*Asks:* 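Encoded as structure tokens, here's the structure I'll be asking about.
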Amino acid sequence: MTTRRKVLHVSVFVLSGILPAGSQSFRVQCPTTTITHPTAASAEPAYVGATTFALGPKGYLVPSIRVNGAIKCQQISGGDGYATMGDGTQTYMFSFGPLSGLAKIAAGQPGTDFPNEFNVQYTGSTPLAPGDPATTGPSFSYNGAVGLVPDADAVANGLCTGTCLDGHVDPRQIMDVGVMNGNIPAPLMAIDEDDEFFLTLTNVGMIMRPDLFEQHTVHFHGYPNASAFYDGVPDASVAINIGGSFTYYYLAPDAGTYFWHCHITPPEHLQMGMVGQIYVRPRQDRVPVGSGLYAALQTQQGDLRTACNPAVDILCTNPLPATTNTITRASTGNYAYNDGDGSTYYDVEYPIQIHGFDPNFHFVGMTFNPEGFTDMKDKYFLLNGRSYPDTVSTGPMQTQSTDGANHFSQPLPSIINIKAGQKALLRISDLDVTEYQTLASLGIPMKVVGYNAKLLRDQAGNNLYYTTNSITLGGGESLDVILDASDPSYVAGQVFYLYTPNLDHLANDAENFGGLMTEVHIN
């Protein structure tokens, strides 16, 4: 794997949407194979035991038995855009946008791809246009890496045959799609334990603030990343300049709900909207149907990266249940964690990102005025970038930007649909800068099973889950909550509310407009 970064001063070209040949260093990376995953895969393999390693012919460890996980890739832009608040105000943002998995993002799904989805050149009959897929509409189905093109030099010199897609890009496509294409929340990411994740950040510049040569980074908050180089904190890592790309590398460790944000002047860039969610699915999802969950968790102790021995590791996060059981992998649904007893089972999942905007801070951020950090006070309160009643609107929300095109500014709905008899997992994260936030559930209690991407279980294996009708989070915290509609009293047609009891957070800078509230529908 290689990384390329180049310090440039090309604001005039960025503003025009045209980068002259040789004046940019946009690249994407998505290898089909690696040392850890030597065979290309387009699906997650079943988990039947830990991967074992042996010394390979070149002197480093290679998998010898069982290869778990797969390779996943995603490309995002760093720039700016607009979002529509519950009172109709169009609010300026510093923001991330999708440059891969566009059709998935528009459908409310994670934009994360397998290599065979990512390494696909766009060959549509019409060129990619500003605002795609909002511009194109429901017929848009492209999920590959925007801008990916054959290596013309390699083709001309006879150095490759076939598609010749090796990370070279057409900067015009990236600028057309990436400029003013900010999302709130930032593009959703989802990977599985044991995956290798290649995340490319391409900095397209902030068009509304050409005076700012703003760098951007990606920091996975609370994520147990072994390498500081890819942690996104510029003191110990790198920052990506306008006109440059950088590929972060992660080896997915413990399951749970995490989130990510830009770590350049964090109070400013978080407040302005550069925040998103990532979650890691557990190995238990890949245990073959009918296999015992307790035995499967015992088997995981053979993987030294995630082995849990409470006798010697007081920070062990995933001990075996206190008692053995014969519960087997269900034929439907998934699990929030490697619980070993099926207690975190769910049928459907919904990521819910809590955030707040200070409208004055965003206004002065757009108008070249000094930003009042000490006076920062949120007045717009958002669930997945929306306020009620926008929270219960289906499909992506559009905002017309200064380029004259509509963009999917808020692609992720927050309406919760559960079939009677089923369970829903809410992956709730709070990325608010100035406020604590409370969510209450009326009529359908919340069972909290995870906190800050850790299963709620003590070192003796006792589950510490608790049932409540309200949860409170500060900025930088996450909870995994299960809503259980399996009781016969829940029938199709019922509607419940998930809302904040803080009345000043049930408005958007004025009375009678949304805030933190959404609906839970029993179908």
Side-chain angles (χ1 to χ4, degrees), residues 1 29-51 53 61 63 66-76 100-101 104 109-115 117-118 187-201 218-232 247-260 276-287 296-297 299-308 316-318 334-339 344 349 351 425 427 429 450 452-455 478 480:
M1 183 187 68
Q29 294 185 66
C30 187
T32 56
T33 61
T34 64
I35 295 171
T36 307
H37 292 94
T39 304
S42 57
E44 289 286 337
Y47 185 88
V48 295
T51 300
F53 293 86
L61 293 176
R66 290 181 298 269
V67 177
N68 288 307
I71 296 170
K72 303 280 179 62
C73 301
Q74 198 158 343
Q75 182 183 200
I76 56 174
S100 68
K104 293 180 180 179
Q109 302 169 358
T112 315
D113 288 337
F114 287 98
E117 300 172 299
F118 187 91
L188 180 63
M189 304 173 187
I191 52 180
D192 294 76
E193 278 190 283
D194 305 305
D195 281 352
E196 290 183 276
F197 186 35
F198 294 84
L199 173 64
T200 298
L201 169 60
V218 172
H219 170 66
F220 280 8
H221 190 101
Y223 191 91
N225 187 13
S227 173
F229 186 67
Y230 296 112
D231 193 48
T247 298
Y248 293 88
Y249 170 81
Y250 306 94
L251 182 60
D254 304 326
T257 300
Y258 303 88
F259 37 90
W260 60 281
Q277 192 178 96
I278 178 172
Y279 51 87
V280 180
R281 306 180 187 99
R283 295 185 181 117
Q284 191 164 294
D285 283 356
R286 311 196 306 270
V287 171
L297 188 53
T299 301
Q300 291 193 36
Q301 306 309 309
D303 190 320
L304 298 181
R305 286 192 307 111
T306 55
C308 183
C316 171
T317 62
N318 223 73
N334 287 307
Y335 304 89
Y337 289 93
N338 296 304
D339 52 53
T344 64
E349 66 182 344
L425 171 67
R427 297 183 178 273
S429 60
N452 287 347
K454 305 299 180 188
L455 180 69
S478 70
D480 298 291

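Values in this document were obtained by computation on a predicted structure and should not be read as measured data. Positions are given from 1 along the sequence.
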*Asks:* State, yes or no, whether a side-chain contact exists between Thr344 and Asp480 at a heavy-atom distance under 4.5 Å.
*Replies:*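 No - every pair of side-chain heavy atoms lies 4.5 Å or more apart.
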*Asks:* For Arg281, which residues count as a salt bridge (charged side-chain N to carboxylate O under 4.0 Å, His left out) partner, sequence neighbours excluded?
*Replies:*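 Applying salt bridge (charged side-chain N to carboxylate O under 4.0 Å, His left out) to Arg281 gives Asp192.
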*Asks:* Is the shortest heavy-atom distance from the side chain of Arg305 to the side chain of Asp194 under 4.5 Å?
*Replies:*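 Yes, their side chains come closer than 4.5 Å.
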*Asks:* What I'd like to find out is whether the side chain of Pro38 reaches to under 4.5 Å of the side chain of Val67, using heavy atoms alone.
*Replies:*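 Yes - at least one pair of side-chain heavy atoms lies under 4.5 Å apart.
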*Asks:* Can you measure from CG (Leu199) to CD1 (Ile191) and round to the nearest 0.5 angstrom?
*Replies:*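 Those atoms lie 9.5 Å apart.
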*Asks:* Do Met189 and Phe220 come within less than 4.5 Å of each other through their side chains, counting heavy atoms only?
*Replies:*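 In contact.
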*Asks:* Of all the heavy-atom pairs spanning Pro115 and Ala41, show the shortest one and how long it is.
*Replies:*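 Looking at all heavy atoms of both residues, the shortest contact is CD-O, 4.2 Å.
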*Asks:* So, using side-chain hydrogen bond (donor to acceptor under 3.5 Å, both in side chains) as the criterion, who are the partners of Gln277 when residues are at least two apart?
*Replies:*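 Only Ser429 meet the side-chain hydrogen bond (donor to acceptor under 3.5 Å, both in side chains) criterion with Gln277.
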*Asks:* Are side-chain N/O atoms of Glu349 and Asn334 paired as donor and acceptor at under 3.5 Å?
*Replies:*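 Side-chain D/A pair, Glu349 to Asn334: absent.
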*Asks:* Which atoms form the tightest heavy-atom contact between Tyr258 and Val280, and what is the distance?
*Replies:*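 In terms of heavy atoms, the two residues are closest at CE1-CG2, 3.8 Å.
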*Asks:* Of all residues at least two apart in sequence or in a different chain, which pass the salt bridge (charged side-chain N to carboxylate O under 4.0 Å, His left out) check with Lys454?
*Replies:*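 Listed in chain order: Asp254.
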*Asks:* Using every non-hydrogen atom in the two residues, find where Pro63 and Phe53 come nearest and quote the distance to one decimal.
*Replies:*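 Shortest heavy-atom contact: N-CD2, 3.6 Å.
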*Asks:* From Asp113 CG over to Ser42 OG, what is the distance, rounded to the nearest 0.5 angstrom?
*Replies:*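 So the gap between those two atoms works out to 12.0 Å.
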*Asks:* Rounded at 0.5 Å granularity, tell me how far CG in Leu425 sits from OH in Tyr337.
*Replies:*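 Result: 8.5 Å between the selected atoms.
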*Asks:* Side chains of Asn338 and Glu193: donor-acceptor distance under 3.5 Å anywhere?
*Replies:*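 Yes, because at least one side-chain N or O of Asn338 sits under 3.5 Å from a partner of the opposite role on Glu193.
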*Asks:* Quick one: which residue pairs count as a salt bridge (charged side-chain N to carboxylate O under 4.0 Å, His left out) with a foot in residues 32-42, not counting sequence neighbours?
*Replies:*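 As it turns out, there is no salt bridge (charged side-chain N to carboxylate O under 4.0 Å, His left out) pair with a partner in residues 32-42 once direct neighbours are skipped.
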*Asks:* Please report the interatomic distance CD(Gln284) to CG(Asp339), rounded to the nearest 0.5 Å.
*Replies:*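 Interatomic distance, Gln284 CD to Asp339 CG, rounded to 0.5 Å: 4.0 Å.
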*Asks:* Please determine whether side-chain contact (heavy atoms from CB on, under 4.5 Å) holds for the pair Leu297 and Asn318, giving the CA-CA distance in whole Å, both sets of side-chain angles, and the decisive distance to 0.1 Å.
*Replies:* CA-CA 9 Å; Leu297 188 53; Asn318 223 73; 3.6 Å; yes
*Asks:* So, the side chain of Tyr279 versus the backbone of Arg427: is there a donor-acceptor pair under 3.5 Å, distance only?
*Replies:*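 Pair absent, no side-chain N/O of Tyr279 close to backbone of Arg427.
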*Asks:* Taking the side chain as every heavy atom from C-beta outward, state whether His219 and Asp231 have any atom pair closer than 4.5 Å.
*Replies:*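 SC-SC contact between His219 and Asp231 confirmed.
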*Asks:* To the closest 0.5 Å, what do you measure between CD (Gln301) and OG1 (Thr306)?
*Replies:*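 Those atoms lie 7.5 Å apart.
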*Asks:* Taking all atoms of both residues into account, what is the closest heavy-atom pair of Ile71 and Thr34, and its distance?
*Replies:*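 Minimum heavy-atom contact is CD1-CG2, 3.8 Å.
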*Asks:* Would you name the heavy atoms of Ala336 and Ala255 that are closest together and state the gap between them?
*Replies:*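 Result for this residue pair: O-CB, 4.1 Å.
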*Asks:* Quick check: closest heavy atoms across Tyr47 and Ala296, and the distance to 0.1 Å?
*Replies:*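 Shortest heavy-atom separation between Tyr47 and Ala296 comes out as CE2-O, 4.4 Å.
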*Asks:* Apply ring-ring contact (aromatic ring centres under 6.0 Å, His included) to Phe259 and list each qualifying residue two or more places apart in sequence or on a separate chain.
*Replies:*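 Per chain and number, Phe259 pairs via ring-ring contact (aromatic ring centres under 6.0 Å, His included) with His221.
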*Asks:* Please round to the nearest 0.5 Å and tell me the distance separating atom CG of Asn68 and atom OG1 of Thr36.
*Replies:*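 Asn68 CG to Thr36 OG1: 11.5 Å, rounded to 0.5 Å.
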*Asks:* Before we go on, tell me: are the rings of Tyr249 and Phe198 under 6.0 Å apart, centre to centre?
*Replies:*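 Tyr249 vs Phe198: aromatic centres under 6.0 Å.
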*Asks:* Apply salt bridge (charged side-chain N to carboxylate O under 4.0 Å, His left out) to Asp195 and list each qualifying residue two or more places apart in sequence or on a separate chain.
*Replies:*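 In terms of salt bridge (charged side-chain N to carboxylate O under 4.0 Å, His left out), with neighbours along the sequence ignored, Asp195 is linked to Lys72.
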*Asks:* Does either side chain, that of Ser100 or that of Gln74, offer a donor lying less than 3.5 Å from an acceptor on the other one?
*Replies:*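 There is no such pair between these side chains.
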